[in-house]
Number of protein chains: 2
Amino acid sequence: MFLGTYRHSVDTKGRVAIPARFREQLPSGTVISKGAEGCLQVYPPQEWAQEQGLRLGSTTPAEERRLARMMFGAARECEFDAQGRIVLSADQRQYAGITGVAWIVGVNNLIEIWNDEGWRRIGEATPEEYTRIQDQVAERRRAPRT
Amino acid sequence: MFLGTYRHSVDTKGRVAIPARFREQLPSGTVISKGAEGCLQVYPPQEWAQEQGLRLGSTTPAEERRLARMMFGAARECEFDAQGRIVLSADQRQYAGITGVAWIVGVNNLIEIWNDEGWRRIGEATPEEYTRIQDQVAERRRAPRT
DNA sequence: CACAAAGTGGGGAAAAGTGGGGAGAGTGAG
DNA sequence: CTCACTCTCCCCACTTTTCCCCACTTTGTG
C-alpha cells in the first residue's frame with residue numbers, strides 16, 4: 001500500500017529518487033507509464049500484469065490495436081540505480097511537464113508523479129469541495145452505468 | 001515484454017538500429033513483416049509461431065488466403081549487423097512510408113516500426129479518447145463474440 | 001549530539017546509435 | 001566474354017547517451 005506525498009528534485013539527467021518507503025515495495029518488473037490528467041503512473045508488477053492480457057496478433061481488432069500501442073508505447077520498465085533513482089525519459093518529462101521538481105504520491109495500489117502546478121491543483125481543494133466530491137463518488141457507486 | 005517508444009534514424013542504405021533493450025530479447029528466428037495501419041511488425045520466434053496457424057488449403061476462405069499471402073510474402077527473417085541494425089528492404093520502406101526517421105515501438109508481445117506521420121496519429125489521442133477506447137475494449141472483453 | 005539512512009549532484013567509462021568506405025556477388029548491356 | 005553497375009555485407013570511425021561510481025548534504029532516529 002502506497003501512502004503519502006513527497007517532494008523530490010529532478011536533476012538535469014532526468015533522474016528522480018523514489019521514496020525509500022515506496023521503493024522497498026517495488027520488485028523488479030515495475031513499470032512506469034503515462035496516466036490521466038497529465039501525471040505519470042508507476043505500476044507494481046501485480047498491477048501491471050492486469051494490463052498484459054492485451055496482445056497483438058493478426059486477428060486483434062482495430063480498437064485493441066490502438067489501445068495496446070498507446071499503453072505499451074508510453075510505458076517503460078523502472079530501473080533503479082544504486083541510489084534508488086529512476087530516469088524519466090525526455091518524453092515522459094515533457095508529457096508530465098516536469099522540470100526541476102516532482103511530487104511523488106502514493107495512491108493506494110500505485111504511485112503517481114506530478115509536476116508542481118498539477119499537484120497544487122489537486123491539493124487546493126477546500127473541505128467543502130472534498131465533501132462534495134466524496135458524495136458524488138458515493139452516489140455513482142450506488143447507481144453504476146450512468 | 002517490449003515497452004517504450006524510440007525515435008531512430010534510417011540511413012540511405014535503409015538500415016535502422018533496433019533499441020538494445022529490444023534486441024537482447026530477440027533470438028535468431030525473429031521475423032519482420034507488414035502490419036496493420038501501414039506499420040511494420042517484428043515478431044519474436046514464439047509469436048511468429050502462433051501466426052503459422054494461418055495455412056493455405058483447399059478449404060481456406062478467400063479472406064484468409066489473401067491475409068496469408070500478404071503476411072508471409074512480405075516477411076523476412078531479421079539479420080542484425082555488428083551495430084545491431086537491420087536492413088529494411090525497399091519494399092518494406094515504401095509500404096511503411098519510411099524515409100529518414102522511424103519510430104520503433106514496443107507493444108507488449110511484438111515490436112512495430114512506424115513513420116513520423118503514422119505514429120503521430122496514434123499518439124495524438126486526447127485523454128478522453130484514451131478513456132473511451134479503454135472502456136470499449138473492457139466492454140468487448142466482458143462480452144466477447146459481438 | 002552522534003550515527004545511520006535518505007536524497008542530491010556530477011565525472012567519467014562504457015554502451016548505444018549514426019554515417020560512410022570498400023570488397024565481393026550478382027545482373028544486365030554491349 | 002567483359003565491363004560497368006548495383007546491391008549486400010562487413011568493417012571502421014565518430015558522436016551521443018546511458019549508467020556506474022563516488023562524494024557531499026540533508027533528514028531522521030536513538
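Each chain gets a letter, A, B and so on, in the order its sequence line appears, and its residues count up from 1. The basis for the numbers below is simple: all heavy atoms, side chains too, and nothing from hydrogens, waters or symmetry mates.
Under the side chain to side chain donor-acceptor pair (under 3.5 Å) criterion, A/S33 pairs with no residue at all, not counting sequence neighbours. Scanning for salt bridge (Lys or Arg N to Asp or Glu O under 4.0 Å) contacts around B/E37 gives A/R65, A/R69, with sequence neighbours left out. B/Y95 is linked by a side chain to side chain donor-acceptor pair (under 3.5 Å) to nothing, counting only residues two or more places apart in sequence or in another chain. In terms of the salt bridge (Lys or Arg N to Asp or Glu O under 4.0 Å) criterion, residue partners of A/E64 (sequence neighbours excluded) are, by chain and number, B/R141. Residues passing the salt bridge (Lys or Arg N to Asp or Glu O under 4.0 Å) test with A/R21: none are found, sequence neighbours excluded. Partners of A/E129 according to the side chain to side chain donor-acceptor pair (under 3.5 Å) rule, which considers only residues two or more places apart in sequence or in another chain, do not exist here. Judged as a salt bridge (Lys or Arg N to Asp or Glu O under 4.0 Å), and not counting sequence neighbours, the contacts of B/E47 are A/R55. Judged as a side chain to side chain donor-acceptor pair (under 3.5 Å), and not counting sequence neighbours, the contacts of B/W103 are B/D116.
Toward the 5′ end of DNA chain C lies the nearest nucleotide of A/D81, the other residue of the pair B/S9 and A/D81 mapping further downstream.
If you take NE2 of B/H8 and P of D/dT15, they are 19 Å apart, rounded to a whole angstrom. Regarding B/D91, its CG atom lies at a distance of 14 Å from the P atom of D/dC7, rounded to whole Å. Separating the CZ atom of A/F80 from the P atom of C/dT8 is a distance of 15 Å, rounded to the nearest angstrom. In this structure, A/Y6 places its OH atom 13 Å from P of C/dT8, rounding to the nearest Å. Atom CZ of B/R76 and atom P of D/dC9 are 8 Å apart (whole Å). Going from atom CG of A/L88 over to atom C1' of D/dC19 covers 15 Å, rounded to whole Å.
Less than 4.0 Å separates DNA chain C from no heavy atom of any residue of residues 97-110 of chain B. Contacts between residues 17-31 of chain A and DNA chain D, counted as heavy-atom distances below 4.0 Å, involve no residue at all.
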Between protein and nucleotides 20-22 of chain C, what N or O pairs are separated by less than 3.5 Å?
residue : atom : partner : partner atom : Å
C/dG20  : N7   : B/R15   : NH2          : 2.8
C/dG20  : O6   : B/R15   : NH1          : 2.7
C/dG20  : O6   : B/R15   : NH2          : 3.4
C/dG21  : O6   : B/K13   : NZ           : 2.4
C/dG22  : O6   : B/K13   : NZ           : 3.4

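If you take CD on B/Q92 and CD1 on B/I32, they are separated by 5.0 Å, rounding to the nearest 0.5 Å.
Using cut-offs of 30° and 60° for the angle between ring planes, the A/F22 and A/Y6 rings count as perpendicular.
Here salt bridge (charged side-chain N to carboxylate O under 4.0 Å, His left out) pairs that include residues 23-35 of chain B, with residues two or more places apart or in two chains, are B/K34-B/D91.
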